[in-house]
Protein chains: 2
Amino acid sequence: MKRANVQALRKSALIAATIDQIGATGSLEVTVSQIARKAGVSSALAHHYFGSKDQLFLAAMRAILSDFGAEVRAECAGLETPRRRVDAIVRTCFSPGNFRPEVVASWLNFYVLAQTSREAHRLLRVYQRRLHSNLLAELRPVADVRAPQIAQTVGALIDGLYIRQALRNESLDAAASIGLVTDYLDGVLGAKPQDSKDHRP
Amino acid sequence: MKRANVQALRKSALIAATIDQIGATGSLEVTVSQIARKAGVSSALAHHYFGSKDQLFLAAMRAILSDFGAEVRAECAGLETPRRRVDAIVRTCFSPGNFRPEVVASWLNFYVLAQTSREAHRLLRVYQRRLHSNLLAELRPVADVRAPQIAQTVGALIDGLYIRQALRNESLDAAASIGLVTDYLDGVLGAKPQDSKDHRP
DNA sequence: AAAATTATTGATTGACGAGTCAATTAAAAA
DNA sequence: TTTTTAATTGACTCGTCAATCAATAATTTT
């Protein structure tokens with residue numbers, strides 16, 4: 001295998017292991033050794049490639065954020081109406097990939113990390129702003145001046161549903177969460193009957 | 001000073017210091033020594049009274065939770081209509097006491113703690129259930145079968161606005177947060193003109 | 001093949017922090 | 001006053017863990 005690939009392979013294995021381990025323990029108090037073991041390498045190698053534990057955390061954040069961004073773009077591609085694209089964004093937030101317990105737990109912990117780390121803070125703001133501007137762009141045509149407020153409400157609602165998932169609130173799974181947001185949107189925008197069967201009964 | 005009072009005094013000083021310190025560092029990675037110093041006592045004394053760092057964290061959680069509960073009760077007392085009581089609950093969530101940066105940061109960190117600690121998890125569920133049932137009780141008369149879903153949306157929205165506060169999102173202060181929730185309620189319940197001037201322009 | 005580069009790790013260091021304990025001081029009860 | 005009980009702490013123990021480094025193995029380049 002080519003050398004460049006080995007490096008990339010190790011890095012992504014370490015990033016995946018980081019997310020898994022944060023998810024497994026529900027905390028940032030994971031040791032580099034635990035992560036490295038899970039990735040099948042030594043802790044020294046993790047330091048070699050990432051420099052520090054914090055850098056590893058940030059890399060994991062960037063990975064989650066960029067996966068999320070890519071998924072949103074993919075889901076929205078080809079959709080005809082703004083409303084459908086809004087729904088696609090919402091669905092993506094709760095998609096199987098993004099709503100996995102490890103990912104939600106990591107997300108929550110990244111919020112905590114953002115209190116200490118400038119870079120984590122910056123990354124989270126980038127995510128928030130991107131989500132907001134995506135929503136805004138789609139809402140503008142259908143909600144006009146109300147669009148900014150609706151976008152903010154949807155954004156906060158999504159974050160709130162996420163945090164509740166972190167508490168493993170069984171009554172609020174992905175489908176129910178999507179349903180809540182969609183119903184809110186139906187309410188403020190006016191229902192959209194032909195699509196509203198999206199959420200399973 | 002009587003002895004019983006000394007103990008209570010130290011305990012509450014330590015609890016306040018815990019919340020301050022979590023707020024100041026934005027993390028649970030605070031040392032018992034830091035907390036004790038801030039409370040003006042030795043770390044040994046903190047261990048003497050609380051047994052362990054975790055117990056101290058849990059005591060701080062209970063304090064925040066019980067303060068919050070008391071404030072809700074006080075705010076709702078004497079209010080005539082369900083809708084006004086709902087608004088009072090929402091207002092209390094974002095009141096100066098509960099929306100202080102240290103308190104929000106502690107709250108966020110308690111969510112993280114709940115991933116590890118059974119008791120923290122339990123406490124947070126108690127809070128969630130109480131908030132939900134309070135909202136539900138007031139919404140039932142005005143929203144009937146839609147009440148449960150509305151209550152869940154409001155609950156999630158509040159948590160989402162909290163987490164955004166933890167990121168120090170300047171555009172969403174307490175007034176704006178209350179405004180978002182109130183506008184949502186106006187939308188689903190039908191506006192309530194005589195009160196809707198609550199949020200400043 | 002030799003040299004250069006990269007991958008990889010075991011062992012070590014150095015710092016830090018939770019929890020313990022024996023000892024001291026202060027207050028209350030007798 | 002003496003005795004008992006609570007308050008309080010400094011010093012210490014024992015782990016743990018991030019980060020480093022020198023050494024070795026594997027690959028690539030020359």
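In what follows, chains carry the letters A, B, and so on, assigned in the order in which the sequence lines appear, proteins first and then strands, with residues in each chain numbered from 1.
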Next on the checklist: Between A:Y162 and A:F99, is the ring centroid distance below 6.0 Å?
Outcome noted: yes

Checklist entry - Taking the nucleotide of DNA chain D with the closest heavy atom to each, which residue, A:A44 or A:S33, is nearer the 5' end? => result A:S33

Item to check | Whole angstrom value for the distance that separates C1' of C:dG10 from CG of A:L45 | outcome: 13 Å

Next on the checklist: The side chain of A:V6 is closest to which nucleotide in this list: C:dA7, C:dG19, D:dT9?
Outcome noted: C:dA7

Next on the checklist: Of the listed nucleotides (C:dT8, C:dA18, D:dA7), which one gets closest to any side-chain atom of A:R10?
Outcome noted: C:dT8

Checklist entry - For the side chain of B:T92 and the backbone of B:A88, is there at least one donor-acceptor N/O pair under 3.5 Å apart? => result yes

Next on the checklist: Considering every strand and a 4.0 Å limit on heavy-atom distances, what is the contact class for A:Y49: base, sugar-phosphate, or nothing?
Outcome noted: sugar-phosphate

Checklist entry - What is the distance, rounded to the nearest whole Å, between atom CG of A:L9 and atom C1' of C:dT6? => result 15 Å

Next on the checklist: Can you measure A:H48 atom NE2 to C:dT6 atom P for me and round it to whole angstrom units?
Outcome noted: 9 Å

Checklist outcome for this item: Taking C:dG19, D:dA19, C:dT8 as options, the one with an atom nearest any side-chain atom of B:K53 is C:dG19

Checklist entry - Tell me: CD of B:Q21 to P of C:dA18, nearest whole Å? => result 11 Å

Checklist entry - Whole Å only: how far is the CD atom of A:Q7 from the P atom of C:dT6? => result 10 Å

Next on the checklist: Just the rounded figure in Å: distance from P of D:dA18 to CG of A:L14.
Outcome noted: 13 Å

Item to check | side-chain contact (heavy atoms from CB on, under 4.5 Å), paired with B:P148, selected from B:L136, B:T153, B:L139 | outcome: B:L136

Next on the checklist: Distance check needed: D:dA19 C1' versus A:F57 CZ, whole Å only.
Outcome noted: 15 Å

Next on the checklist: Using a 4.0 Å heavy-atom cut-off, does A:S52 contact any base of the nucleic acid, only the sugar-phosphate backbone, or nothing at all?
Outcome noted: sugar-phosphate

Item to check | Out of D:dT9, D:dA7, D:dC17, whichever nucleotide has its closest atom nearest the side chain of A:T31 | outcome: D:dC17

Item to check | Sidechain N-carboxylate O distance under 4.0 Å for B:E102, B:K38 | outcome: no

Next on the checklist: From the set D:dA19, C:dT8, C:dG19, return the single nucleotide nearest to any side-chain atom of B:H47.
Outcome noted: C:dG19

Item to check | Gap between atoms CD and P, on B:Q55 and C:dA18 respectively (whole Å) | outcome: 15 Å

Item to check | 5' precedence on DNA chain D between B:G40 and A:G51 (nearest-nucleotide basis) | outcome: B:G40

Next on the checklist: Treating A:S117 as the side-chain partner and A:A114 as the backbone partner, does any N or O pair qualify as donor plus acceptor under 3.5 Å?
Outcome noted: no

